[in-house]
Amino acid sequence: MLSRQHDPIIAIATAPGRGSVGIVRISGRGLMPFCRALFGRDLLPRQASYLPFHDTDGSVIDQGLALFFQGPHSFTGEDVLELQGHGGPVVLQLLVARCLGLAAQADAQTRRPLLPGLRLAQPGEFSERAFLNDKLDLAQAEAIADLIDASTSAAARGASQSLTGVFSRRIHAVKDALIHLRMLVEATLDFPEEEIDFLQKADAQGQLDHILSSLQLVLQEARQGALLREGIRVVIAGQPNAGKSSLLNALAGAELAIVTPIPGTTRDKVEQTIQIEGVPIHVVDTAGLRESEDVVEQMGIARAWDAIAGADVVLFLHDLSRQNAPEYIAHDADIARTIAEKCPSSIPVLEVWNKSDASTVPVPETGIVLSAKTLNGLETLRQALLRAAGWQGAQTGTFIARERHLQALRKARDHAELAAVHLQGTASHLDLMAEELRLAHTALSEITGEFTSDDLLGVIFSKFCIGK
C-alpha cells in the first residue's frame, strides 16, 4: 500500500446499497485540470457547486454537488474532489467509470494524461494518506474506524474524543516528560567530570515517579476505552433447564432464544450484543451441560465448552428450584470443577441462582439471586457484569482505545519501572537507565505512529471501509 501512496485514488465513499445521497471521492495532486475537463470550468476551493455530471458522450449521468478541497487544506492533505449525487449504486459506479476514463485522456495543452495513474482506492487508503501527510496521527486515524464501527453511544463518544486528539495529547504529555528526563540523563553521561550532579539537582527521581504515575493513569483510562470498543464476552453456562435461554432473553429484552420445559432445547450457541451503561456485552447462550447420547446435542455441548474457555466472564447458572435434588447438586459440582480446569484463573465466574420466584429453599449467601421470568435481581446482575469487566463508569473525556494501545502502554510502563531500578544503582547503571527510557519513549511513539512499521500500517488500514 505504501509503495503506491502517490497515485491518485478514487472510491465510492458512502456505504453500499441504495440511499438518498451517494459520494464519490478522489484524492491526488494537481486535480484542477481534471476538474476543468470534467465540468468545463474551474471549481472554487471549499465552495459547493451544483451542476450536471456528464458521461463521455455528453449525456447526463446525474446532477449534484461538486466540492473541491485544495491541498494541504483537505482531509488527506492532497487535492480532494467530492461528487455528491443520488445514492443509487449504478449511478455511483457510472461516475467512477467516467472519472477513470477521463483520467487517462490527454490534456489539450500538455498532451499528457489528465490524471495519470488514477486507480480504485484500497480500504482505508484515504485515512492512511491523512496519516502519512501529518493530518492525523495513528491513534486519531484508528479512531475514524472506531467511530464508524461503534456499537453504543458511549463508544461513539469515546471514538470522537480520540479523533479530536484527547488520547494523543495524553500520550504526548508523557512523551515530553520522558524526553526531558532523557536529556538530563544524557547530559550526565556526556559530562561525567562535572561536579554538579544533574540528576539529583533536577530531581530525576521525582520526574520518573511522575512519569510512572502518569503512565498508570493513562493505562487505566485506556482500559476503560478498550472496554467501550471491544466490550466483554459473557457466556451463560449450566445444566439443562436452568433458565439460560430465559436469562439471555431477559438481558436482551427480546425473545431471541427458544424456551421450553424440554431439556436440551438449546443445541447451539445463541449470541446477542446488549449494552449496559454504554459498554457492549456480547452474551452467549449455550447448550445445557450434561451427558447425552444425542449426536447433535453432543456437538452443541462441545461448542458450549469451547465458548466457556474463550469467555471474558462466565455466568454459572444454577436452578434454585432443584437445590433439594442430590443428583442435580452433584452434577453442578462436576460442572464447576470442569469450568475451573478449562478457564484461566483470571476469568471471573459469577455464580447466579435463577428461579427465585419458584423456589422455597433458603437463598444462598453468596452469588446473585434472580428470576429470569419476573426480572427480579436482573439489575444486580448487570452491575456485577460491569464490575467483573473492570468498568468504572464513563467519565468526561473518556477516549476509545485498542488492544495494541494497551500493549504499548504496558511496555512503556515496564521500561520506565526498569529505569527507576537503574536510577537507584551506581553511576555505571546510567547507560542502562538511558536505554530503558529510550525504549519507553519508543513504545509510546508506536501509539501515535512516529515509530511504526509499514507492516503494522498495512494491517491497521486494511480493516477500514473502502472510501475512508
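In this text, all values refer to a predicted model and were calculated from it rather than measured experimentally. Hydrogens, waters and symmetry mates are skipped; everything else that's a heavy atom, side chains included, is used.
- D332 and Q239 share a side-chain donor-acceptor pair at under 3.5 Å.
- Here the side chains of R119 and I9 are in contact, with some heavy-atom distance below 4.5 Å.
- The side-chain heavy atoms of P280 and I232, taken from C-beta on, include no pair separated by under 4.5 Å.
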query = Would E221 and R170 count as a salt bridge (charged side-chain N to carboxylate O under 4.0 Å, His left out) if you check the C-alpha gap in whole Å, the side-chain angles of each, and the deciding distance to 0.1 Å?
reply = CA-CA 10 Å; E221 293 174 335; R170 299 295 304 276; 2.4 Å; yes

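- In this structure, a donor-acceptor pair under 3.5 Å is absent between the side chains of Q216 and Q220.
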Step-by-step side-chain contact (heavy atoms from CB on, under 4.5 Å) determination, C343 to V314 = CA-CA 9 Å; C343 293; V314 175; 4.2 Å; yes

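- Q205 and D209 share a side-chain donor-acceptor pair at under 3.5 Å.
- No more than 12 heavy atoms of other residues, nucleotides or ligands sit less than 6.0 Å from atom NE2 of H86.
- Test L317, L320, V369 against N354 for side-chain contact (heavy atoms from CB on, under 4.5 Å) and you get one pass: L317.
- A donor-acceptor pair is defined here as one N or O able to donate and one able to accept, closer than 3.5 Å; no such pair exists between the side chain of S162 and the backbone of Q140.
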key: Derivation and outcome, salt bridge (charged side-chain N to carboxylate O under 4.0 Å, His left out), residues E403 and R410   = CA-CA 11 Å; E403 180 57 33; R410 293 189 192 105; 3.5 Å; yes

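- In this structure, R129 and K135 have side chains that are not in contact, with every pair of non-hydrogen atoms separated by 4.5 Å or more.
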task = Start with the C-alpha gap between E271 and R233, add the side-chain angles, then the distance that decides, and say whether salt bridge (charged side-chain N to carboxylate O under 4.0 Å, His left out) holds.
result = CA-CA 10 Å; E271 302 188 25; R233 185 174 177 83; 3.4 Å; yes

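- With a 4.5 Å cut-off on side-chain heavy atoms, L92 and T14 count as touching.
- Inter-residue side-chain proximity for I329 and Q323 is flagged as met; some heavy-atom pair is nearer than 4.5 Å.
- Other residues, nucleotides and ligands contribute only 12 or fewer heavy atoms inside 6.0 Å of the CZ atom of R18.
- Looking at heavy atoms from C-beta onward, F316 lies out of side-chain contact with L350 at the 4.5 angstrom threshold.
- Counting heavy atoms from C-beta on, the side chains of K342 and W305 come closer than 4.5 Å.
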Step-by-step side chain to side chain donor-acceptor pair (under 3.5 Å) determination, T374 to N376 = CA-CA 5 Å; T374 66; N376 185 41; 5.3 Å; no

ask   = Between Q224 and T398, is a side chain to side chain donor-acceptor pair (under 3.5 Å) present by the stated rule, with each step listed?
value = CA-CA 8 Å; Q224 300 298 295; T398 298; over 6 Å; no

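- Between R229 and D149 there is no salt bridge, since no side-chain N of the basic residue sits under 4.0 Å from a carboxylate O of the acidic one.
- Using a 4.5 Å cut-off on side-chain heavy atoms (C-beta onward), R182 and V185 make no contact.
- With 3.5 Å as the limit, one finds no donor-acceptor pair spanning the side chains of Q407 and E446.
- Other residues, nucleotides and ligands place no more than 12 heavy atoms under 6.0 Å from the CZ atom of R157.
- Using cut-offs of 30° and 60° for the angle between ring planes, the H318 and W353 rings count as parallel.
- Q122 and E128 are not linked by any side-chain donor-acceptor pair at a separation below 3.5 angstrom, with hydrogens and angles left out of the test.
- Side chains of S371 and D357: a donor on one and an acceptor on the other come within 3.5 Å.
- Side-chain contact of E142 with H405: a donor-acceptor pair under 3.5 Å is present, judged by distance alone.
- The closest side-chain donor-acceptor pair between T448 and S168, if any, does not fall under 3.5 angstrom.
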